[in-house]
S.K.: 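Dumping the structure here so I can ask a few things about it.
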Amino acid sequence: MSSIPTKVPFVNLYLQHQPIESQIAATLEKIIQHGDFILGEALTEFETAFAAASGVKYGVGVACGTDAIALGLQACGINPGDEILIPANTFIATAIAVLEAKAVPILVDCDPETALIDLTAAETAITSKTKAIIPVHLYGQMVSPSQLLDFANRHDLIVFEDAAQAHLAEREGYRAGSFGKAAAFSFYPSKNLGCFGDGGMLITNDAEIAQKMRTLRNYGAPSKYLHAEIGSNSRLDNLQAAVLNLKLPYLEKWNRDRTDAAQYYNTLLEPLKPKGIVPIANHSSSGHIYHLYVIQITDKSSINRNQLQEKLTKEGIQTGIHYPVPCHLQPAYQNLGNPGDFPHTETLCEQILSLPMYPGLSNTQIEQVVRAIS
Ligand SMILES: *Cc1c(COP(=O)(O)O)cnc(C)c1O
């Protein structure tokens with residue numbers, strides 16, 4: 001173990017849980033007494049509440065965000081061999097899920113300022129087999145709904161949102177997950193809304209997609225022992241749903257805390273821009289919910305990213321890199337591209353650094369982080 005005391009952790013989940021700890025314990029105890037563990041009441045309640053909060057009719061809870069994408073694509077009618085556009089700059093799960101659905105991920109480079117999928121680059125990746133685009137609302141910032149819908153309409157593509165980092169984010173009057181044909185969320189503990197393990201959800205306004213998803217997550221069975229599809233075993237546990245029900249009412253406040261912290265970072269970091277330290281751009285004003293607060297250490301800087309990260313670690317400040325190696329340069333995914341194919345993504349991977357960000361991060365801590373960077 002490191003002997004350096006942590007001054008500013010990267011995340012602190014206990015700050016969220018401590019105030020509602022006894023409520024959580026009481027609720028879990030009740031479920032244990034009733035033995036209501038799988039496809040129970042708390043799950044139905046959470047599916048309804050989370051879909052409604054996102055401005056959508058139906059929610060289907062699944063075991064994790066990856067399954068929400070993989071099964072969700074199948075529920076949307078994606079067939080084996082269909083090509084699906086995904087950003088080169090994303091967490092690997094987006095690519096895994098496409099492969100699990102037996103579709104073909106086609107990587108697209110990102111916008112160098114926002115790190116989000118570049119729709120101009122996406123145009124050139126379209127073939128006669130392209131069926132869908134998965135915008136990833138990365139770091140908590142949505143890809144522009146109007147631009148996406150225009151793009152998808154012109155090319156007759158399905159929009160399937162990967163909103164795993166964007167619970168209740170907003171842009172152009174849309175909430176994350178509300179404008180695509182369907183959308184996937186993750187409730188991994190460190191996401192903006194997280195449970196006590198793994199969890200995920202598909203949301204959609206389409207009753208047929210929701211019904212098909214309910215079948216797919218439950219052994220492909222529309223009713224007991226009738227297996228209409230092959231499907232999977234992928235349900236959001238009732239215990240996890242109960243925790244999420246108790247946390248959901250706090251989500252908007254927690255997102256606001258993150259936005260406030262990001263604004264304070266922005267203000268304090270402004271003088272460092274001429275020195276080559278530049279926050280990833282926010283093009284969606286107040287709707288960015290800052291799952292992560294990411295800066296770029298550009299070529300203009302006198303220090304490189306790895307050196308800066310090391311210095312911060314020595315000062316007790318934890319940071320992260322999201323993500324250090326792009327999908328197409330990972331050993332298992334080299335068929336998705338060659339070095340140099342997605343230059344903006346590759347540059348970002350070498351230059352980005354995620355600073356501490358969580359609800360409850362104090363202004364004093366933010367000042368400590370920025371002072372250490374300066
Ligand atoms: C977390 C995440 C996922 C996967 O969610 P899991 O619950 O970990 O399976 C997918 N896409 C993105 C962008 C994510 O951040």
Side-chain angles (χ1 to χ4, degrees), residues 10-11 13 46 50 59-74 84-101 103 105 107-108 110-111 114-117 132-143 148 159-169 176-177 180 182-203 213 216-217 232-237 240-241 243-244 247 255 258 280 288-294 320-327 330 333 336 345 348-349 352 354 357-358:
F10 187 61
V11 291
L13 297 179
F46 179 62
F50 187 73
V60 183
V62 293
C64 62
T66 308
D67 283 3
I69 304 171
L71 298 175
L73 289 172
Q74 295 169 60
I84 301 185
L85 306 176
I86 68 169
N89 185 39
T90 184
F91 181 51
I92 201 74
T94 316
I96 295 178
V98 171
L99 291 166
E100 280 186 354
L107 299 188
V108 173
C110 65
D111 176 295
T114 61
L116 299 172
I117 191 166
I133 179 165
I134 304 185
V136 177
H137 302 317
L138 198 70
Y139 307 149
Q141 170 164 222
M142 287 170 68
V143 182
L148 266 168
V159 175
F160 186 100
E161 298 171 66
D162 180 342
Q165 301 188 2
H167 314 70
L168 305 191
F185 288 85
S186 163
F187 305 115
Y188 181 80
S190 63
K191 307 284 178 171
N192 285 40
L193 180 63
C195 58
F196 289 177
D198 280 308
M201 190 179 288
L202 181 97
I203 66 171
M213 191 71 179
L216 287 172
R217 74 166 172 189
S232 186
N233 173 5
S234 179
R235 297 159 306 209
L236 178 62
D237 291 338
Q240 299 296 354
V243 171
L244 290 163
K247 290 182 71 174
N255 281 347
R258 289 173 182 271
I280 295 298
H288 190 327
I289 49 121
Y290 288 95
H291 171 58
L292 295 165
Y293 186 86
V294 181
I321 300 170
H322 301 86
Y323 298 91
V325 179
C327 301
Q330 292 287 355
Y333 295 86
L336 297 186
T345 298
L348 282 173
C349 288
I352 49 178
S354 307
M357 170 56 76
Y358 53 88

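As the structure lists them, so they are numbered: ligands from 1, and atoms in each ligand from 1.
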S.K.: For atom 9 (O) of ligand 1, what's the nearest protein heavy-atom neighbour? Residue, atom name and distance, please.
M.R.: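 Of every protein heavy atom, T66 OG1, 2.6 Å lies nearest to atom 9 (O) of ligand 1.
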S.K.: Run the ring-centre check on Y290 versus Y139 and record whether the distance is less than 6.0 Å.
M.R.: no
S.K.: Is it the side chain (CB and beyond), the backbone, both or neither of D162 that lies under 4.0 Å from ligand 1, heavy atoms counted?
M.R.: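 Side chain only.
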S.K.: Run F185 and N192 through side chain to side chain contact (heavy atoms under 4.5 Å, CB included) and show every step you take.
M.R.: CA-CA 10 Å; F185 288 85; N192 285 40; over 6 Å; no
S.K.: When you look for heavy atoms under 4.0 Å from ligand 1, do you find them on the side chain of C64, its backbone, both, or neither?
M.R.: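 The answer is both, backbone and side chain.
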S.K.: Would you check whether D198 reaches within less than 4.0 Å of ligand 1, judged by its heavy atoms?
M.R.: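 So D198 does not count as touching ligand 1.
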S.K.: Are F10 and Y293 near enough that their ring centres are under 6.0 Å apart?
M.R.: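 No, ring centres 6.0 Å or more apart.
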S.K.: Considering non-hydrogen atoms of the protein only, which is the closest contact for atom 1 (C) of ligand 1, and what is the distance?
M.R.: K191 NZ, 1.6 Å
S.K.: Is a side-chain donor or acceptor of K247 paired with a backbone partner of L193 at a separation under 3.5 angstrom?
M.R.: no
S.K.: Which of the atoms in ligand 1, numbered in the order shown and given with their element, are less than 4.0 Å from a heavy-atom of V136?
M.R.: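 The list of qualifying atoms is 13 (C).
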S.K.: Return yes or no for this condition: an N or O of T90 is under 3.5 Å from an N or O of ligand 1.
M.R.: no
S.K.: Evaluate whether atom OH of Y188 has more than 12 neighbouring non-hydrogen atoms of other residues, nucleotides or ligands under 6.0 angstrom away.
M.R.: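 Counting other residues, nucleotides and ligands, OH of Y188 stays at 12 neighbours or fewer.
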S.K.: I'd like the name of whichever of S186, P189, A70 reaches closest to atom 7 (O) of ligand 1 through any heavy atom.
M.R.: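 Residue with the shortest heavy-atom distance to the ligand atom: S186.
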S.K.: For the residue pair S234 and D67, confirm or rule out a side-chain donor-acceptor distance under 3.5 Å.
M.R.: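 Short answer, yes.
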S.K.: Under 4.0 Å from any heavy atom of G65, which atoms of ligand 1 are there?
M.R.: 5 (O), 6 (P), 7 (O), 9 (O)
S.K.: For the residue pair H137 and E161, confirm or rule out a side-chain donor-acceptor distance under 3.5 Å.
M.R.: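 A pair is found: one side chain offers a donor N or O, the other an acceptor, under 3.5 Å apart.
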S.K.: Pairs of nitrogen or oxygen atoms closer than 3.5 Å, one from A93 and one from ligand 1: do any exist?
M.R.: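 No, there is no polar N/O contact under 3.5 Å.
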